[in-house]
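For reference, the structure is listed below as structure tokens.
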Amino acid sequence: MKIIVCVKEVTDTAVVLKIKVDSPEIETENLPWVINPYDEYAMEESLRLKEKHGGDITVITFGNERAENILRGCIALGADRAIRINDKSVKGRDSFVTSKILAKAIKNIGYDIILCGKESVDYGYAQTGQTIAEFLHIPCISAIKKFDVFPSNKEAACNREIEGGLEVVKCNLPAVFTAQKGLNVPRYASLSGIMKAKKMKIETLELDTLDINPSDFKPKIKITNLSYPPKRTEGKIIQGLLPDTAKELTKNLKEAGLI
Amino acid sequence: MDKFDCIIIGAGPAGVAAALTLVRKGLTVAVFERGEYPGSKNLFGGVLYSTILNKLIPNFWEDAPVERHITKRRYSLLSQNSEMAVEFDFDDFNHPPFNNSFTVLRSKFDRWFAQKAEDAGAVIFTETVVDDFIYDNGKVSGIKARREGGDVYADVIVCAEGANSLLTEKAGLKEKPLPHQMITASKEVISLPREVIEDRFSLNNDEGMALEFFGGAVKGMIGSGFIYTNKDSLSVGVGCPISVIKENNMKPNDLLELFKSHSVIKKLLRGGKTEELSAKMIPELGYKNLPKLTVDGLLIVGDAGGFVNPSLYREGTNMAMYSGVAAAEIILEARQSGDFSEKGLEGYIKSLKDSFVMKDLERYGDVPEKISEMPQLFKEYPDAVLKFAEGYFTISDLSKDELHRQAWKGFKDKVSIGKFLWDMYKARKAIL
Ligand SMILES: Cc1cc2nc3c(=O)[nH]c(=O)nc-3n(C[C@H](O)[C@H](O)[C@H](O)COP(=O)(O)OP(=O)(O)OC[C@H]3O[C@@H](n4cnc5c(N)ncnc54)[C@H](O)[C@@H]3O)c2cc1C
């Protein structure tokens with residue numbers, strides 16, 4: 001079974017981000033970068049699939065050289081092959097561009113199961129997995145919380161959480177699945193895995209070898225503005241004794257239009 | 001996992017200096033670091049003292065992420081609301097090697113330094129905690145890392161785990177330190193525009209200043225504070241013995257707030273924005289209480305060994321690097337004979353004793369103890385001295401003779417002159 005895991009490098013969510021002064025972009029200098037947490041679930045699920053049914057795992061990212069770190073992390077966990085598609089010649093990118101390029105590369109590699117995170121924690125469009133499926137003309141089941149594969153029937157069954165209940169969905173393989181939190185608990189890399197990852201060469205794929213029309217690179221959407229969330233206004237403490245405080249509180253709530 | 005020639009625990013200055021020295025001689029070296037990357041959890045004042053670093057990586061400042069080189073030093077005595085200070089400005093320190101003192105931020109510097117060791121061939125395992133040693137017939141022969149397949153073996157192990165030395169204690173080389181032997185320090189990095197820093201502290205370009213505050217830095221409790229200038233931020237911190245913090249029922253961060261609220265300090269930090277806050281320990285064990293530094297198969301280096309000069313110089317990084325290099329050199333020697341027993345490694349102790357490390361630790365060995373016996377240095381005396389100075393400089397209708405007499409009387413009422421002079425003599429001998 002050929003398993004593909006798509007991963008993305010994102011900034012650690014613990015950091016405070018700064019918006020560039022002159023364009024709607026985030027200042028990326030000196031930020032800590034990590035693998036998108038949802039992709040970690042996808043990666044873990046690929047390892048469990050391999051343990052159960054055999055096969056090989058290829059991790060793939062569309063990114064810059066720094067992103068090789070997260071690929072190495074996946075090798076340390078047990079991926080067999082790691083590919084970085086060099087994003088150097090691409091100016092703007094959105095989920096459309098990323099998916100188009102990933103789909104092309106994945107087609108060349110060959111696939112039975114494609115796993116992605118359900119969304120990336122940076123921009124959170126939650127489109128990449130679905131769009132890859134669309135380009136490859138295969139099914140996609142998004143935000144899965146349980147995953148079973150039946151290789152002999154070329155089928156997979158997933159649990160999805162829906163409003164007020166649980167949904168069990170089946171589809172034929174090959175297909176794309178996007179991982180929701182709770183799908184599994186990702187493992188830590190073993191020491192020998194880390195050693196292996198340090199020595200492994202990451203394959204780099206240049207865009208021109210993928211035979212893509214340059215006009216396909218144009219993003220479909222454009223970020224026009226970025227702003228900080230509104231600052232929380234300070235709370236008000238009403239001092240004094242009952243019943244005055246109660247009256248004061250009622251007055252305040254009425255003024256704010258809350259009652 | 002294969003066996004390594006040497007395993008090093010901790011990628012701080014001590015561990016990395018040892019690793020670099022060993023890999024350059026062709027040894028296989030594994031470094032285990034608990035942080036996400038080397039330096040991610042580390043903090044210090046800080047002025048990096050770099051005589052050893054400059055030998056390891058000549059002219060490192062051209063490449064390393066240093067902030068400023070220290071050309072100005074200021075020592076000040078605070079009372080509750082006044083200050084007396086001496087300031088030094090040395091233009092000679094503007095030339096290489098810049099008096100071997102640079103402000104750095106550890107998250108950047110340690111990462112850079114570790115990268116040098118990695119480039120030279122060291123294998124660094126990050127996010128990997130070492131939980132214990134593995135023994136073979138009483139000799140330390142490996143480590144247990146908190147990961148699958150985490151038992152790793154080596155001919156010799158170097159423990160560079162820093163001040164919070166759980167492994168050194170576990171191996172029975174060190175007692176749990178007493179509360180007055182550990183300084184808790186908390187520190188903030190406060191950002192300010194570059195020009196503001198240079199104007200406020202009167203600095204050119206990359207010049208930097210180290211300001212140390214004694215006396216009533218923290219409401220008259222035993223302790224001291226500092227401000228060091230980085231490129232576009234200030235490192236601001238205080239340190240107090242744990243015993244004092246406990247007695248006063250405080251948290252380390254309360255101390256920093258007290259320091260920052262002192263009228264003198266407030267002015268220096270005006271307009272700054274706190275970027276990060278953290279707390280850490282500094283070992284001031286005293287020379288007599290240093291741990292045992294070698295056993296069969298194991299050497300202790302850096303803060304884990306208690307190598308911090310507790311005097312005015314606050315030198316830890318240089319000692320850490322010296323001890324790391326010294327340990328590596330002895331390991332190289334021991335390889336000739338294949339004898340990594342305590343006996344085979346004893347040259348390490350000699351190397352330390354012949355160097356500034358043990359000489360300075362011995363010289364300043366009882367500072368923490370002496371200081372903890374003289375709480376008056378932090379409250380009564382600074383208050384009295386500054387009150388005297390205030391009286392002396394007060395403009396009034398009194399004749400100067402009368403004014404001076406009054407100030408002097410005020411001083412004598414507060415402190416006994418004989419004891420004051422004796423204490424000053426003891427303090428000077430201990431600290432300077
Ligand atoms: C507030 C403060 C101010 C200071 N100011 C100065 C100054 O201005 N100038 C100066 O020269 N010195 C200063 N020092 C002292 C200086 O920081 C230390 O002397 C120096 O960092 C010691 O280096 P080290 O390599 O021994 O230990 P550390 O720098 O503490 O490094 C130890 C490393 O080991 C890792 N580690 C620990 N345990 C484990 C484990 N079990 N498994 C894996 N990894 C582990 C840690 O994560 C860390 O990276 C200051 C210290 C403090 C706290």
Side-chain angles (χ1 to χ4, degrees), chain A residues 9-21 26-37 39-40 43-44 47-48 50-51 65-79 121 184-202 228 231, chain B residues 1-4 7 9 28-41 65 67 105 107-109 111-112 114-115 117-119 121-131 134 142-154 189 191 230-233 273-278:
Chain A
E9 184 196 48
V10 295
T11 54
D12 193 331
T13 48
V15 298
V16 184
L17 297 173
K18 281 192 192 138
I19 301 172
K20 282 191 187 162
V21 210
I26 303 289
E27 294 269 14
T28 53
E29 215 173 294
N30 287 329
L31 288 178
W33 296 86
V34 296
I35 181 171
N36 176 36
D39 302 350
E40 288 187 280
M43 182 61 216
E44 174 62 31
L47 296 168
R48 293 182 186 201
K50 183 179 161 178
E51 280 158 7
E65 221 165 294
R66 188 188 53 219
E68 290 190 357
N69 274 334
I70 61 164
L71 293 179
R72 272 186 214 286
C74 294
I75 295 282
L77 288 166
V121 295
N184 52 44
V185 181
R187 69 193 67 187
Y188 289 99
S190 70
L191 277 187
S192 50
I194 298 176
M195 271 301 267
K196 185 176 155 210
K198 281 185 189 290
K199 289 183 187 148
M200 182 114 162
K201 190 167 155 34
I202 306 282
Y228 294 101
K231 276 222 175 81
Chain B
M1 170 92 45
D2 306 333
K3 191 178 158 189
F4 290 89
I7 288 173
I9 303 159
T28 57
V29 176
V31 184
F32 290 87
E33 168 55 49
R34 80 161 85 216
E36 200 179 314
Y37 56 86
S40 63
K41 292 209 172 84
E67 299 284 322
L105 294 166
S107 60
K108 290 185 194 163
F109 174 80
R111 194 176 200 173
W112 169 86
Q115 188 62 50
E118 197 160 25
D119 292 347
V123 181
I124 303 183
F125 294 97
T126 51
E127 286 182 277
T128 309
V129 178
V130 172
D131 282 323
I134 300 173
I143 57 106
K144 285 187 176 301
R146 204 180 295 166
R147 270 190 195 275
E148 195 198 314
D151 288 8
V152 192
Y153 296 86
V189 176
S191 65
N230 302 316
K231 273 206 173 74
D232 47 16
S233 64
K273 187 167 153 265
T274 299
E275 299 288 342
E276 54 179 70
L277 165 71
S278 35

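Fair warning: this is a prediction, and the values are worked out from it, not measured in the lab.
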Q. So what's closer than 4.5 Å to chain A heavy atoms on Ser107(B): side chain, backbone, both or neither?
A.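 Contact with chain A: none, neither part.
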Q | Contact origin within Glu276(B) toward chain A - heavy atom pairs under 4.5 Å | A |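 Neither part.
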(Q) Quick check on the structure: residues of residues 29-37 of chain B within a heavy-atom distance below 4.5 Å of chain A, by number. (A)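 At a heavy-atom separation under 4.5 Å, chain A is reached by Phe32(B), Glu36(B).
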Q: Verify side chain to side chain contact (heavy atoms under 4.5 Å, CB included) between Leu191(A) and Glu148(B), making sure each step is shown before the conclusion.
A: CA-CA 6 Å; Leu191(A) 277 187; Glu148(B) 195 198 314; over 6 Å; no
(Q) Show every side-chain hydrogen bond (donor to acceptor under 3.5 Å, both in side chains) that has at least one partner inside residues 65-77 of chain A, sequence neighbours left out. (A)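 For residues 65-77 of chain A: Glu9(A)-Arg66(A), Glu68(A)-Arg84(A).
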Q.
Could you work out, with side chain to side chain donor-acceptor pair (under 3.5 Å) as the rule, every residue matching Lys50(A), not counting sequence neighbours?
A.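 For Lys50(A) the side chain to side chain donor-acceptor pair (under 3.5 Å) partners, ignoring immediate neighbours, are Asp80(A).
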Q. Residues in side chain to side chain donor-acceptor pair (under 3.5 Å) with Arg146(B), at least two apart?
A.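 So Arg146(B) forms a side chain to side chain donor-acceptor pair (under 3.5 Å) with Asp131(B).
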Q.
To check you understand the geometry: which heavy-atom pair defines the closest contact between Val123(B) and Met195(A), and what is its length?
A.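 For Val123(B) versus Met195(A), the nearest heavy atoms are CG1-SD, 3.6 Å.
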Q) Got a donor-acceptor contact below 3.5 angstrom from the Arg147(B) side chain to the Ala189(A) backbone? A)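 Side chain of Arg147(B) to backbone of Ala189(A): a pair is present.
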**Q.** Exam field: side chain Lys198(A) to backbone Phe125(B), donor-acceptor pair closer than 3.5 Å
**A.**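 Absent.
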